[in-house]
S.K.: 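One structure coming up, written as structure tokens, with questions to follow.
Because the structure is predicted, anything quoted here is derived from the model rather than measured. In what follows, chains are A, B, ... by sequence order, proteins preceding strands, each numbered from 1. Computed from heavy atoms alone, side chains included, the values below leave out hydrogens, waters and symmetry copies.
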Number of protein chains: 2
Amino acid sequence: MKKLPGKTVERLSEYRRVLLTLISQGKNYIYSHELASLLHITAVQVRRDLMLIGYSSGIRKGYDIRVLVETIGRVIDSETPLNVAIIGMGNLGRAVSSYFRGKRSKLNLVASFDNDQQKTGKVISGVRCYDVREMENMIKELNISIIILTVPPDYARSTCDDAVRFGVKGVLNFTTVSLNVPPTVYLEEYDMVTSIEKVAYFVKESIR
Amino acid sequence: MKKLPGKTVERLSEYRRVLLTLISQGKNYIYSHELASLLHITAVQVRRDLMLIGYSSGIRKGYDIRVLVETIGRVIDSETPLNVAIIGMGNLGRAVSSYFRGKRSKLNLVASFDNDQQKTGKVISGVRCYDVREMENMIKELNISIIILTVPPDYARSTCDDAVRFGVKGVLNFTTVSLNVPPTVYLEEYDMVTSIEKVAYFVKESIR
DNA sequence: TAAACACTGTTATTTTATTAACAATATTTA
DNA sequence: TAAATATTGTTAATAAAATAACAGTGTTTA
């Protein structure tokens with residue numbers, strides 16, 4: 001299948017998230033307009049995304065939620081599970097760990113790293129925490145291909161460079177520092193201050 | 001000034017973030033292509049964004065960083081500061097607090113809320129933590145117009161509804177639950193699991 | 001069972017966002 | 001100081017994303 005636009009991948013992930021909660025609530029079928037309204041988008045958007053992944057319900061009483069979840073998984077999940085590590089087990093690292101751990105069968109959170117001796121060697125928020133100096137060994141040994149970077153700003157660049165050198169292929173950067181990676185590595189950056197400022201901007205504009 | 005596209009607002013916030021660190025490093029001027037490369041975008045993008053906010057350097061040796069920061073502030077910041085509260089002081093709430101507190105002069109983090117008696121009444125990560133039952137009083141008393149929602153999923157909807165009822169105008173939702181707000185309220189949602197899945201997708205596609 | 005309806009899948013259109021092109025001009029160099 | 005260069009600001013072109021339109025077809029209703 002042709003590589004999907006990033007926006008579509010994001011929405012597919014969101015579809016699955018709400019679909020999984022609907023399953024747990026005992027729902028079996030869902031119309032495109034229902035799914036759309038749960039995510040504040042249009043039904044056309046939903047149908048178009050599903051068209052892109054080649055999914056068709058055939059019937060006119062909505063999509064079979066289980067089948068849809070499975071189809072989305074076949075498209076966006078890796079066939080063989082990918083191993084993930086969190087670097088920096090401060091508040092944010094621990095938050096990410098508890099949000100994420102065990103949620104997706106094809107993404108295993110296999111390790112975390114920190115330089116604080118109080119943390120290393122222990123299991124924190126469900127993940128074993130290693131000393132950052134063990135990064136090279138563990139990335140190779142555990143075949144870690146994705147890191148989530150939640151270290152203090154001063155350590156961000158060097159830690160990322162190291163991880164890339166040790167073979168990591170994807171980086172999710174939550175630090176306030178903008179990183180550089182070679183073109184063979186996928187980098188996603190998120191800055192929560194930017195999100196807050198965006199909210200503030202539109203609030204300001206609306207109450208003007 | 002006409003309302004700016006959300007994407008431009010995001011980039012302006014990012015420009016300012018890197019410009020502030022550059023100032024602290026003693027840099028005074030910056031070319032559009034330098035700023036662009038720091039954020040992995042093109043120089044045209046930068047110049048176009050600045051055009052949108054009506055900023056012109058006049059000279060050909062880059063933008064005066066201080067002036068640019070000030071101009072961006074005039075556009076995206078509220079004239080009178082906006083008050084912000086974090087609801088839910090778990091790991092994520094505390095992380096947001098330390099990322100954000102004191103960073104922006106026009107956004108004051110004035111309170112946090114939790115239902116854990118161990119936390120209420122104390123100052124946590126630099127912010128006073130109130131009992132959620134005090135939300136109505138405090139939102140009104142402190143004139144809180146923006147909330148950052150970092151509560152467990154089960155509390156997300158009701159907490160958001162309450163806050164909106166008490167007068168909040170902007171919501172930044174970090175929970176895994178998709179929310180509904182009236183059209184007068186601005187809602188921004190971020191799901192870190194989606195970001196991780198996006199990274200995983202592109203990693204998987206690149207190593208195929 | 002026939003007509004009305006509702007929903008899907010897909011193409012066409014519109015809108016938004018990004019990139020390219022380039023004239024104007026400050027700055028640098030010879 | 002004159003020519004060459006580099007950078008900006010802006011318009012034009014392109015690309016990407018979202019929306020609208022609608023034909024086709026299960027499904028429901030009378």
S.K.: Looking at B:T194 and B:Y190, would you say the former's side chain and the latter's main chain have a donor-acceptor pair under 3.5 Å?
M.R.: no
S.K.: Under 4.0 Å from OP1 or OP2 of D:dA17: is there any side-chain N or O of A:Q45 that close?
M.R.: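 For D:dA17, OP1/OP2 do not have a side-chain N/O of A:Q45 under 4.0 Å.
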S.K.: Round to the nearest Å and state the distance from A:Y29 atom OH to C:dA6 atom C1'.
M.R.: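 Going from A:Y29 (OH) to C:dA6 (C1'), I get 17 Å.
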S.K.: Determine: side-chain N/O of B:R60 to OP1/OP2 of D:dA4, distance under 4.0 Å, yes or no.
M.R.: no
S.K.: Using whole Å, what does the distance between atom P of nucleotide D:dT8 and atom CE of B:M51 come to?
M.R.: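 Roughly 15 Å, once rounded to whole Å.
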S.K.: Atom CG of B:D64 and atom P of D:dT8: how far apart are they, to the nearest Å?
M.R.: 13 Å
S.K.: Phosphate oxygens OP1/OP2 of C:dT19: is one of them under 4.0 Å from a side-chain N or O of B:T42?
M.R.: yes
S.K.: So, is B:Y63 close to the D:dG9 phosphate, meaning a side-chain N or O under 4.0 Å from OP1 or OP2?
M.R.: yes
S.K.: Donor-acceptor pair under 3.5 Å: do we get one between B:R48's side chain and the base of C:dT19?
M.R.: yes
S.K.: Would you say A:S57 reaches C:dT8's phosphate, i.e. side-chain N/O to OP1/OP2 under 4.0 Å?
M.R.: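 False: A:S57 side-chain N/O out of range (4.0 Å or more) of C:dT8 OP1/OP2.
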S.K.: Is any side-chain nitrogen or oxygen of B:S32 closer than 4.0 Å to OP1 or OP2 of D:dT7?
M.R.: no
S.K.: Whole angstroms only, please: what is the CD-P distance between B:E10 and C:dA17?
M.R.: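 Distance check: B:E10 CD to C:dA17 P gives 10 Å.
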S.K.: Which whole-number value in Å describes the distance from B:H40 NE2 to C:dT19 P?
M.R.: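 My rounded result for the distance is 14 Å.
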S.K.: Whole Å only: how far is the CG atom of A:L52 from the P atom of D:dA16?
M.R.: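 Whole-Å distance recorded here is 13 Å.
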S.K.: Between the main-chain N or O of B:G88 and the side-chain N or O of B:T150, is there a donor-acceptor pair closer than 3.5 Å?
M.R.: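 Checking the backbone N and O of B:G88 against the side chain of B:T150, a donor-acceptor pair under 3.5 Å is found.
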S.K.: In whole Å, what is the span from the NZ atom of A:K61 to the C1' atom of C:dC5?
M.R.: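 Going from A:K61 (NZ) to C:dC5 (C1'), I get 17 Å.
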S.K.: Checking side chain to side chain contact (heavy atoms under 4.5 Å, CB included) between B:S32 and each of B:T42, B:V46, B:D49, B:V44, which is the one that passes?
M.R.: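 With B:S32 as partner, B:T42, B:V46, B:D49, B:V44 yield a single side chain to side chain contact (heavy atoms under 4.5 Å, CB included), made by B:V46.
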S.K.: Please confirm whether the ring centroid of A:Y63 lies under 6.0 Å from the ring centroid of A:Y29.
M.R.: no
S.K.: Go through D:dA20, C:dT11, D:dA17 for me and flag the one nearest to the A:K7 side chain.
M.R.: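 Per side-chain heavy atoms of A:K7, the pick is D:dA17.
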S.K.: Round to a whole Å and report the spacing from CG of A:L50 to P of C:dG9.
M.R.: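 After rounding, the reported distance stands at 7 Å.
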S.K.: Assign A:T8 to base, sugar-phosphate, or nothing according to its heavy-atom contacts below 4.0 angstrom with the strands shown.
M.R.: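 Nothing, no heavy atom under 4.0 Å.
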S.K.: Nearest to the side chain of A:V44 - D:dA18, C:dG9, D:dA20?
M.R.: D:dA20
S.K.: Output the single nucleotide from C:dT10, C:dC22, C:dA20 whose closest atom is nearest the side chain of A:R47.
M.R.: C:dT10
S.K.: On a heavy-atom basis, which atom in B:L20 and which in B:R104 lie closest, and how many Å separate them?
M.R.: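 Taking B:L20 first and B:R104 second, the nearest heavy atoms are CD1-NH1, 3.8 Å.
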